[in-house]
Student: 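One structure coming up, written as structure tokens, with questions to follow.
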Amino acid sequence: MISNSNIEHRRMPLSSVHANTWFCVCVMVSAMEEFQVIVHTLPAPTSGTYSILRLTLIGSEGGETPPISVNAGANQHHLLPGSACVVRVWSEVALGRVVLVRLRLEARTGFPDLDWHCRGVEVRRLCDRQEEGTGLQHQGVEHFPCSRWLRSVDGDVELRNGDMCLLNSETVQTLKDHRLKDLHTKQQHIRWRTFAEGVPHCVDMTSLKELGPNLSYTRQSPGINLQYLRGFDERAESWSSFTELETMFSHNGSQNTVAKYVQAHWAEDWFFGYQCLNGCNPLMVRQTRLLPPNLSINSDILCPFLPDGSSLEQELERGSIFLLDYEMLEGVPANVINGKQQFLAAPLVLLHLNQEEELKPIAIQLQQAPGPQNPVFLPSDPGPDWLLAKTWVRCSDFQCHQLSSHFLRTHLLGEVCCTATLRQLPEVHPLHQLLMPHIKTTLQINIQARASLLAANGVFDKAIGCGLEALPVLLSRATERLRYRSLCVPDDLADRGIHTLKHCYYAHDALRVWTALHRFVSGWVDVYYLGNQDVEQDSELQSWITEIYTHGFLQLPHSGCPQSFQTKPELSQFVTMVIYCCSALHAAVNFSQVDFDLWMPNCPASMTHPPPQTKGMLTEDEILSILPDVNSTCNLLITLFLLSQPAADYVPLCQYREPVFSSGAPRRLVEKVQAELRAISDEITDRNKKLELPYDYMSPDRIENSVAI
Ligand SMILES: *[C@@H]1O[C@H](CO)[C@@H](O)[C@H](O)[C@H]1NC(C)=O
Ligand SMILES: *[C@@H]1O[C@H](CO)[C@@H](O)[C@H](O)[C@H]1NC(C)=O
Ligand SMILES: *[C@@H]1O[C@H](CO)[C@@H](O)[C@H](O)[C@H]1NC(C)=O
Ligand SMILES: *[C@@H]1O[C@H](CO)[C@@H](O)[C@H](O)[C@H]1NC(C)=O
Ligand SMILES: *[C@@H]1O[C@H](CO)[C@@H](O)[C@H](O)[C@H]1NC(C)=O
Ligand SMILES: [Fe+2]
């Protein structure tokens, strides 16, 4: 024992062993245990504190050491940013294995009560007889990672070591108790709230202050120059001509090669179809074998737009007919912008996949209920009528894109999973660790979105057809229509019949990324769950999925969301879905928005006149008087620019900074998935070289690990 301590002295001259006389006395009294403890503070400028830190070690046998002060009394350390304070701790009782480290901050009289960012604690047993003569052994060190802000008001905070495990494999009672305590504390702090009737519940916090530093992040991005929009922001009137709009666009859109391409081709039929497959909302189009009953067309009308000698029936049977159905928008109350009533439509669109594998619209009915005032527009109609009909569809798509594909399926789903994870899976649970890097940021971004974008005077209120009255209506309809199958890529692509389309790059890339993530998640599940029985018996996991079913899918059985897990494959599929939606899907629907929306007529956010009821009375420039005003256009563009700020510190898909990923089985799995994702990026790069308009939204090197904007 003595020799060990001496070695320790030589290696760690700074440590404050200074063999208190207390220690010496005790040594003689009983067989004591001695530990060297290193307390780490995060090396960031604001991480340190003046407060006194008390530390206790808790053993597997239930015994604990008397609390010592890390930075007071005999130990004159300071909890400075980046510091490692080394202290000695003795135990009079046999502790067994050290399983918890209890920390407690107490404000120091006369000093400000600063929060402290702990990075973790290392505990090294010094007087283990087995180690005698061998000096310090690395395996004698237990790591208690932390990476959290501690405050004096928190009282006792207990850290456990970094080894993940399921509740059933927990053998030490102290640790079982700690698991429960961890969840209990979280459940008091993190609660559910109803944001709108029929919409997934959200976290019950309205400010970042409530969220606190443990769950917030900062996104660093370069500033943007919006000077060129000055002077436009007061003009509550229509654009006077396409030339005027082009001039504004050329001041910035021309920097964006995709936006320029959009401007050049937005009015072409093939590009309309292209956007259904590879635009900013590739989630709507589906193959159909039947005509929707409400669409008032017949075979004869459509014959001219089908291959010679073929018929609508034959094309339906061949699987070359596709449908866009925006019934979700039927009867949704439209916004009032600049004092003017706006309008929404709920179009039905038939598209045909021709022999060149181009998807082209062949019939557009703007409202659901057929009737004389709801004509079906055809490619053979006068140019402006056909263009306006397509533009109405694009406007409808904008609403569904932003609220259903983007906000509901990525942001809200991520928030539901994050809230459920914090409440039901303790930190030591392997799925808590796997999921948090992908979902943690959703709480902050959604709290911010509810306080600004989705609030009074936010962009929905000021510039979008679905304003504040429509928002809850459309979101609840989208929720009611949400199907678990449609969130799982292989099922979704097959159900919609787009997995075999040669030019659906979204589908190809989505499937590859999904497959890599699925392999990774299955590997992770295999490490911690030996058989299906472990899944069934993981009560924490079952509470987690129940909570997601209840608060996310609102207990709607037709959603197909699992209510419990019986098998490992079910579990792996669900976890893959969560990671996919918060990373790759968000990239597909987010990155693309500026590119496709910058040329406003391609994606008008609102329409200022009702859907047309007649044909043959319109000129092309008159279309502009139906599109958004000058300043509501600018209002939307500013928001899109702000949201598309690249993060200087962005984390790409499956890159992890958390220590649990840096060793053992997790590390091997991470290295494997990273290699697979790199190969996918390379393939996408090669493919894109051959494309006139590259599709790189789903290239893994560009996908962010979580929804952070
Ligand atoms: C950070 O997390 C710890 C442990 O979960 C908690 O005790 C503490 O209150 C949190 N800090 C803040 C500032 O919310
Ligand atoms: C457009 O400008 C008018 C003032 O001319 C202002 O009242 C209105 O709020 C602006 N609209 C938008 C969408 O910014
Ligand atoms: C607009 O273009 C300028 C260069 O002309 C560029 O510096 C600026 O970042 C662009 N702004 C946006 C919002 O794209
Ligand atoms: C078809 O039209 C009727 C009115 O004629 C309407 O009530 C119904 O919702 C429409 N069907 C669909 C599927 O939207
Ligand atoms: C969202 O898209 C923009 C580009 O439009 C990009 O800069 C940003 O990093 C994306 N955010 C995420 C979380 O993918
Ligand atoms: Fe987003």
Side-chain angles (χ1 to χ4, degrees), residues 49 102-105 113-118 145-160 178 181-190 205 208-216 219 229 231-238 280 335-340 342 401-403 405-415 422 426-427 432 441-442 444-446 448-449 453 457-464 467 581-583 585-594 605-606 608 628-640 642-645 647 704 706-709:
T49 186
R102 182 184 299 143
L103 302 174
R104 183 190 188 90
L105 275 188
D113 182 10
L114 300 180
D115 295 350
W116 171 57
H117 199 153
C118 174
C146 179
S147 298
R148 276 181 309 234
W149 287 93
L150 301 191
R151 303 168 298 184
S152 57
V153 298
D154 294 335
D156 291 339
V157 174
E158 287 168 358
L159 310 181
R160 64 175 284 170
H178 178 258
K181 247 194 301 188
D182 179 15
L183 290 181
H184 185 71
T185 316
K186 292 271 181 42
Q187 287 173 9
Q188 291 194 315
H189 179 55
I190 295 171
M205 293 179 187
L208 294 192
K209 194 158 167 279
E210 274 178 88
L211 187 62
N214 286 338
L215 288 166
S216 26
R219 190 177 168 92
L229 291 175
F232 284 112
D233 53 352
E234 306 256 287
R235 287 180 51 193
E237 64 201 14
S238 305
C280 53
N335 205 356
V336 173
I337 296 175
N338 289 341
K340 289 174 266 188
Q342 306 292 302
H401 166 237
Q402 290 301 349
L403 290 172
S405 305
H406 186 182
F407 191 59
L408 174 66
R409 286 167 175 257
T410 71
H411 283 249
L412 280 181
L413 181 82
E415 182 175 7
L422 289 166
E427 282 176 32
H432 179 110
T441 51
T442 55
Q444 168 168 341
I445 189 69
N446 291 357
Q448 287 174 323
L453 296 185
N457 290 320
V459 70
F460 279 87
D461 190 15
K462 299 281 274 185
I464 296 182
C581 288
C582 292
S583 57
L585 180 60
H586 188 255
V589 299
N590 161 69
F591 276 102
S592 50
Q593 350 175 38
V594 168
S606 186
T608 63
D629 285 346
V630 173
N631 73 350
S632 46
T633 306
C634 294
N635 200 307
L636 182 76
L637 288 185
I638 290 170
T639 305
L640 288 177
L642 291 175
L643 291 184
S644 64
Q645 281 293 285
E704 273 196 55
S706 68
V707 177
I709 193 136

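When a ligand or atom number is given, it counts from 1 through the structure's own listing order. Atoms considered below: every heavy atom in the structure, side chains included; atoms not considered: hydrogens, waters and symmetry mates.
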Student: In Å, rounded to the nearest 0.5 Å, how long is the span from CZ of Phe407 to CG of Leu413?
Tutor: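 Result: 11.5 Å between the selected atoms.
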
Student: What's the spacing between Cys280 SG and Gln402 CD if we round to 0.5 Å?
Tutor: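 Going from the SG atom of Cys280 to the CD atom of Gln402 covers 7.5 Å.
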
Student: Give, for atom OG1 of Thr442 and atom CG of Leu412, the distance between the pair rounded to the nearest 0.5 Å.
Tutor: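 Taking OG1 in Thr442 and CG in Leu412, the distance rounds to 9.0 Å.
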
Student: Once you round to the nearest 0.5 Å, how far does CG of Leu183 lie from CD of Gln188?
Tutor: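 Atom-to-atom, Leu183:CG and Gln188:CD are 11.5 Å apart.
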
Student: Could you list the atoms of ligand 2 found under 4.0 angstrom from a heavy atom of Asn635?
Tutor: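 Contacts of ligand 2 toward Asn635, numbered from 1: 12 (C), 13 (C), 14 (O).
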
Student: I'd like to know if Asp629 pairs up with Lys340 as an ion pair, taking the criterion as any Lys NZ or Arg NE/NH1/NH2 lying under 4.0 Å from an Asp or Glu carboxylate oxygen.
Tutor: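 The answer is yes: the pair qualifies as a salt bridge.
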
Student: Would you mind telling me if ligand 2 is within reach of the side chain of Asn338, the backbone, both or neither, using heavy atoms under 4.0 Å?
Tutor: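 The part of Asn338 near ligand 2 is the side chain, not the backbone.
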
Student: Assess whether a salt bridge exists between Arg104 and Asp156, defined as any Lys/Arg side-chain N lying under 4.0 Å from an Asp/Glu carboxylate O.
Tutor: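 Salt bridge flag = yes for Asp156 with Arg104.
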
Student: Are Lys186 and Glu427 close enough for a salt bridge, meaning some N to O gap below 4.0 Å?
Tutor: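 Judged by the 4.0 Å cut-off on N to carboxylate O distance, Lys186 and Glu427 do form a salt bridge.
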
Student: Atom CH2 of Trp149 and atom OG of Ser216: how far apart are they, to the nearest 0.5 Å?
Tutor: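 Answer rounded to 0.5 Å: 10.0 Å.
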
Student: Looking only at distances, please establish whether an N/O atom of ligand 2 is found under 3.5 Å from an N/O atom of Arg235.
Tutor: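 There is no such contact.
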
Student: Could you check whether His406 and His411, counting side-chain N and O atoms only, form a donor-acceptor pair closer than 3.5 Å?
Tutor: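 The criterion, which ignores hydrogens and geometry beyond distance, is satisfied for His406 and His411.
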
Student: For distances below 2.8 Å, what is the count of protein N, O or S atoms around the Fe ion (ligand 6)?
Tutor: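 That number is 4, waters not included.
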
Student: May I ask you to check whether Ser632 has an N/O atom sitting below 3.5 Å from an N/O atom of ligand 2?
Tutor: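 No; every N/O pair is 3.5 Å or more apart.
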
Student: What does the contact table look like for ligand 1 (nitrogen or oxygen on each side, cut-off under 3.5 Å)?
Tutor:
from: ligand 1; atom 1: 2 (O); to: Asn214; atom 2: ND2; distance (Å): 2.2
from: ligand 1; atom 1: 9 (O); to: Arg151; atom 2: NH2; distance (Å): 3.1
from: ligand 1; atom 1: 9 (O); to: Asp154; atom 2: OD1; distance (Å): 2.8
from: ligand 1; atom 1: 9 (O); to: Asp154; atom 2: OD2; distance (Å): 2.8
from: ligand 1; atom 1: 11 (N); to: Trp149; atom 2: O; distance (Å): 2.8
from: ligand 1; atom 1: 11 (N); to: Asn214; atom 2: ND2; distance (Å): 2.9

Student: Working to the nearest 0.5 Å, report the span between CG of Asn335 and CG of Asp461.
Tutor: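 Asn335 CG to Asp461 CG: 6.0 Å, rounded to 0.5 Å.
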
